[in-house]
Amino acid sequence: MIKKFESVNQIRNYIKECKNSGKTIGFVPTMGYLHEGHVSLMKKARKENDIVVVSIYINPTQFGANEDLEKYPRNHERDYDICKNAGVDAIFFPSNDTMYGENYYTYINVECLENNLCGKSRKGHFKGVATVVAKLFNIVSPTRAYFGKKDAQQLIIIKKMTEDLNFDVEIIGCDIIREEDGLAMSSRNVYLSKEERIAALKISKALKLVKDKIENGEKDSKIIYSYIFEALSKEELINIDYIEIVNVKNLERVSTIETNVLIAVAAFLGNTRLIDNYRYIDA
Ligand code: AMP
């Protein structure tokens, strides 16, 4: 039986018991509507820890006023079964009152990393992400926490926050899980119409194209940018939010692709905003 906790005290007591008997805690924070991407994080956590805790919480502070907070997909029963099959020990699903009581005043800004890429079009998004993750770390006090590389900027920000605020947790980045045809898995993919779903493939295809180009020696960011721009702008159903080629340390643009570079794309298909990326690491 998976344990389900709604209150901070309940989960804290459970974690205390586990830690008292010397167990390590692997933690996977999610917003639910789980898919194989989430499952890959849970399975990695399962392998590397004695206890696996998943949180399911649609965090309002990371959604902008015109975003999809209200209609974000939810399916608690299915999520529960997915967690059970992945060998999860406990689910934490707090209410908004539990996470942000009356007169909530405290937020975290990871300066310099939060205002470009996704942070540019989603103002305040990473302030909400950093705040909720910090709160969850304090509640769950995990040994290790697992985050997907699909949300590359999020992972970079969480790592920096963990370092800067001395959280005693190891942050583990996990590979992007894709549909068979290449589309990066996302809870938001259910919003796509049939036509948008087909058009969305252009994003992963463009990233695959530039991966091949880079591996074959093309290192000029402008040229790499133009490959992606051409592929996406030809597609009527795609509205490019950004194409960025940045250094993973500071998220600043680079003119030459060397060492550790993130090539990140965000695009709208109708009202649905999808992100994907390719990270080049010089061997
Ligand atoms: P979310 O529920 O969208 O907040 O995602 C929870 C965690 O799952 C985050 O760390 C995401 O980066 C990760 N995740 C979401 N989609 C994928 C994917 N396709 N592959 C790997 N990790 C993912």
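For ligands, and for the atoms within them, numbers begin at 1 and follow the listed sequence. Bear in mind the structure is a predicted one, so any value in this text is a computation, not a measurement. Quick note: residue numbers are just sequence positions, from 1.
Only the side chain of His35 comes within 4.0 Å of ligand 1, judged by heavy-atom distances. In Lys150, the part holding a heavy atom less than 4.0 Å from any atom of ligand 1 is the side chain. In Arg178, neither the side chain nor the backbone holds a heavy atom less than 4.0 Å from any atom of ligand 1.
Aromatic pair His76/Phe93: ring centres closer than 6.0 Å. Not less than 6.0 angstrom separates the ring centroid of Phe5 from the ring centroid of Phe92.
Judged by distance alone, the side chain of Thr131 and the main-chain N or O of Tyr107 form no donor-acceptor pair under 3.5 Å.
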**Message:** Does Met42 form a side-chain contact (heavy atoms from CB on, under 4.5 Å) with His38? I'd like the steps, not just the answer.
**Reply:** CA-CA 6 Å; Met42 295 175 200; His38 300 110; 4.1 Å; yes
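Ion pairing of Lys3 with Asp89 is absent here, as no side-chain N (NZ or NE/NH1/NH2) approaches a carboxylate O to less than 4.0 Å.
What sits closest to atom 11 (C) of ligand 1 on the protein, heavy atoms only, is Asp151 OD1, 3.1 Å. Counting only heavy atoms of the protein, atom 20 (N) of ligand 1 lies nearest to Ile177 N, 2.9 Å. Residue, atom and distance of the protein heavy atom nearest to atom 1 (P) of ligand 1 are His38 NE2, 3.6 Å. For atom 4 (O) of ligand 1, the nearest non-hydrogen atom of the protein is Met31 CG, 3.6 Å. In terms of protein heavy-atom proximity, atom 21 (C) of ligand 1 is nearest to Asp175 O, 3.3 Å.
For ligand 1, the polar-atom distance check against Met185 finds a nitrogen or oxygen pair separated by under 3.5 Å.
The shortest heavy-atom distance from Glu36 to ligand 1 is not under 4.0 Å.
The contact set between ligand 1 and Ile176, taken as ligand atoms under 4.0 Å from a residue heavy atom, comprises 20 (N), 21 (C). Interface of Phe147 with ligand 1, defined as ligand atoms under 4.0 Å from a residue heavy atom, comprises 10 (O). Every atom of ligand 1 with a heavy atom of Leu41 under 4.0 Å away is listed here by number and element: 7 (C), 8 (O), 10 (O), 13 (C), 22 (N). Shown in contact with Gln154 at under 4.0 Å from a heavy atom are these atoms of ligand 1, numbered in order with element: 9 (C), 10 (O).
Atom CD of Glu215 is surrounded by more than 12 heavy atoms from other residues, nucleotides or ligands within 6.0 Å.
Looking at heavy atoms from C-beta onward, Ile263 lies out of side-chain contact with Asn277 at the 4.5 angstrom threshold.
When the options Leu41, Ile82, Val39 are evaluated for a side chain to side chain contact (heavy atoms under 4.5 Å, CB included) with Leu34, the one that passes is Ile82.
We find the OG-CG distance between Ser204 and Asp276 to be 6.0 Å, quoted to the nearest 0.5 Å.
When Pro29, Gly37, Gly148 are checked for heavy-atom proximity to atom 6 (C) of ligand 1, Pro29 turns out nearest.
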